[in-house]
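Working notes, structure below.
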Number of protein chains: 2
Amino acid sequence: MDEKLWFLKECPLFERLTEDQIERLEAASQSRSFGKGEMIYLPSDASESVLLLTKGRVKLFHVTSDGKQALLALIEPGEVFGELAVFDGGQREEFAEAMMPSTLIRIPKVIIQDLMESEANVAIGITKLIGFRRRRVERRLKSLLFRSNRERLIHLLIELADQYGVRTPDGVRLKIKLSHQELASIIGSTRETVTVVLGDLQSEGKLKIERRHLILNDIDRLAATIGVTSPEVPVDSPFLHRTARPARYGT
Amino acid sequence: MDEKLWFLKECPLFERLTEDQIERLEAASQSRSFGKGEMIYLPSDASESVLLLTKGRVKLFHVTSDGKQALLALIEPGEVFGELAVFDGGQREEFAEAMMPSTLIRIPKVIIQDLMESEANVAIGITKLIGFRRRRVERRLKSLLFRSNRERLIHLLIELADQYGVRTPDGVRLKIKLSHQELASIIGSTRETVTVVLGDLQSEGKLKIERRHLILNDIDRLAATIGVTSPEVPVDSPFLHRTARPARYGT
DNA sequence: TCAAGACTGTAAAGCAGCCCACAAACAGAA
DNA sequence: TTCTGTTTGTGGGCTGCTTTACAGTCTTGA
C-alpha cells in the first residue's frame, strides 16, 4: 500500500502534485500483480484506466488474422502504458501481457482527465509521453518501409542498444534477452530469417552472441551501414542494477 | 490578414479562447503561401513552429537512403501539422511539401506552449491531436507488418475511403487523386506492383477506375477480405464541396 | 493545339524471404 | 541428474515482389 504511494510520487508525471493530490490519486488507484504470461488486457477490454508498471516487464502486441504476433512495445518498470485511454473512449487496440512476474498500478482515466484539466504540467507531461512514443512509432515505420530484413534487424539492434545497451570492453552489450521469434515479431519477419541474419552478422564480426546475450562489436560502424547515428550508451557499472533506461517524460 | 483571424477562430484547438487570446495568437503568427511542389520544411530545419493549413494540400514524407519517398501523412485544410515541435526541441524529422498551391499559418511554438500552460483545453486538444495521430501510425504499422502488398493496398484504400470517400450509386468514390507512385510510397511498395494489383482488383470486380478516380464497388466485402470493419462513408452531396473530412480533435 | 513530361500498363528475369521439415542445443522443473 | 519443452541452426522448394525495359496514354502549360 505504502509502496503504491511511493511509485506514484516517483513517477515524473506526478512529481509536481501536492501531497493532497497524490493522496487522492493513490486512493483511487489500485495495485495488482500478474504472473508470467498472464494477460493484462485484451483488445476487447474497455479502456478505463492508465497503467503504471512498478515491477517486471510487459509487452504490447497485436495479433494478425493468421495468428502472428506483431510486437508494438516493451514496457519497463516506472513506465506508463495504455495512456491513450485518457482521451479515446472506446476499447483497447492491443494485447498487454506480463513477460515476467509483474506488478502495476491501475489509475482510472477520469482521475487523469481531471488532473489534466487542473494541472497544466500533468497535461503537458501526458502530451510529451504520447508524442515521444509517436515519434518512436514513426521512426519505426520509416525503418520498415522499403528496407530489407537485414536492415530492419540492424535498425532494431541499434534501437535496443539505445534502450538496453551498456558499453563493455568488447562492445555494446544488450541487457535484455529476446528470442529470435520475438525479434522477428518486431520487424515483421520470420524466426528463421532472423536466425540466419544474426548468423551472418556474427560471422562478419559485427556482433557476438554470448549465452543468449548480444554484443555489438562496433555499433558506430553498424549504424553507419544503415545511415543512422549511433546512440549514446552508458558504461557498464556493477553498482547500477537497472536493466533498462525508461525514457523520462517529466521535464 | 482578417482571414488569418478567421481560421484561427475556426480551429477547434482554439475555439474556447477569449477574444484577447485569439488576437495575441493572431499577432504572433504569420501566414504564408507555397506553390505546388514547394518545400515547406526540411528535416534539417529547426522546429520552431506549429503549422495550420488553410488552403491546399500538404504531404509529409521521409526519404530513404536510396532516394525513395515514404509518405507519412496528407494534410488537409483546417488541419494542424508539425505539432510535435511543441515539446521536441530539435529538428523536424520529415519533409513537408505543398502538393498544390497552399497557404498556411505559422504559429511559434512558444505561443502554443504558453497556451498549454494556462488553458487546460488547449493542452488537452493538443494531446488528443497527437494521440489520435499516434493511433493512426500504430494502425498503419500493424497493417504493414506481415502483410502482402495486395493486403496493404486494400488496407490503404479502405483508409482513404474513410477519409476521402463518398457513397454513390456505384459504390464508394474516393475524392482524391493519387498516382500509383504515391500509393506505393505509402505502403512501401513499387509503382509497378500497385499497377498490377489495382488491375487485378478491377478485373475481379472489386473496384473501378474512372478518370483517375477510384470507386470501391463493395467496400464491405473488401474490408471483410482483410478482416476489418468498413468505415462510415457519407452520401455524396452536390452541396457539400469539401473534398476531405479532416478529423476533429476539439472535443 | 501541340509538344513535353508525367503517368499507366505489361512482361521477363532474378532474388529475397517465406514455408516446411528436421536436427541439435539449451533451459527449467522434477 | 534426467526429462520435457523451448529455442536455435540449416537446407530446399516456392512465390511474391523488385528490377529493368519499353510502349502507350493522359495532362498540362506554352
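Note that the structure is predicted; figures quoted are calculated from it, not measured. Proteins come first, then strands; the chains are lettered A, B, ... in the order of their sequence lines, and each starts at number 1.
- At a cut-off of 3.5 angstrom, counting only N and O atoms as typed in the model, there is no donor on one side facing an acceptor on the other between the side-chain of A:Arg150 and the base of C:dG17.
- Separating the CD1 atom of B:Ile209 from the P atom of D:dC26 is a distance of 13 Å, rounded to the nearest angstrom.
- Following rounding to the nearest Å, A:Leu153 (CG) and D:dT8 (P) show an atom-to-atom distance of 13 Å.
- Atom CZ in B:Arg191 sits roughly 14 Å away from atom C1' in D:dC26 (whole-Å rounding).
- Within the 4.0 Å cut-off from OP1 or OP2 of C:dC18, at least one side-chain nitrogen or oxygen of A:Ser189 is found.
- Between B:Lys175 and B:Glu76 no salt bridge is recorded (no basic side-chain N to carboxylate O distance below 4.0 Å).
- Ion pairing of B:Arg133 with B:Glu83 is present here, as a side-chain N (NZ or NE/NH1/NH2) and a carboxylate O approach within less than 4.0 Å.
- The CZ-C1' distance, from B:Phe146 to D:dG16, rounds to 17 Å in whole Å.
- Projected onto DNA chain C by closest heavy-atom contact, A:Ser148 and B:Gln202 fall at different nucleotides, the more 5' of which corresponds to B:Gln202.
- Between A:Glu138 and A:Lys142 there is no salt bridge, since none of the side-chain N atoms of the basic residue sits less than 4.0 Å from a carboxylate O of the acidic one.
- Side-chain atoms of A:Glu192 stay outside donor-acceptor range of the base of C:dC18, with no qualifying N/O pair under 3.5 Å.
- The nearest pair of heavy atoms linking A:Phe34 to A:Met39 is CE2-O, 3.7 Å.
- Which of D:dT10, C:dT8, D:dT7 sits closest to the side chain of A:Val196 comes down to D:dT10.
- OP1 or OP2 of C:dC18 lies within a sub-4.0 Å distance of a side-chain N or O belonging to A:Thr193.
- Between A:Lys68 and C:dC19, a side-chain N or O to OP1/OP2 separation shorter than 4.0 Å is present.
- Look at CG on A:Leu214: it is 14 Å from C1' on D:dT7, rounded to the nearest Å.
- The shortest distance between the side-chain N/O atoms of A:Thr190 and the OP1/OP2 oxygens of C:dC18 is below 4.0 Å.
- One finds no salt bridge joining B:Glu182 and B:Arg57 here, because no Lys/Arg side-chain nitrogen approaches an Asp/Glu carboxylate oxygen to under 4.0 Å.
- One can place NZ of B:Lys208 at 19 Å from P of C:dT8, the figure rounded to the nearest angstrom.
- Atom CZ of B:Arg152 is separated from atom P of D:dT18 by 8 Å (rounded to the nearest Å).
- Where B:Asn149 and A:Ser179 meet DNA chain D, the nucleotide closest to each residue was compared, and A:Ser179 sits on the side nearer the 5' end.
- Candidate nucleotides D:dT8, C:dC18, C:dG9 were compared by shortest atom distance to the side chain of B:His180, and C:dG9 ranks first.
- Using a 4.0 Å heavy-atom criterion, one finds that A:Lys177 contacts no nucleic acid atom at all.
- The CG-P distance, from B:Leu183 to C:dA6, rounds to 18 Å in whole Å.
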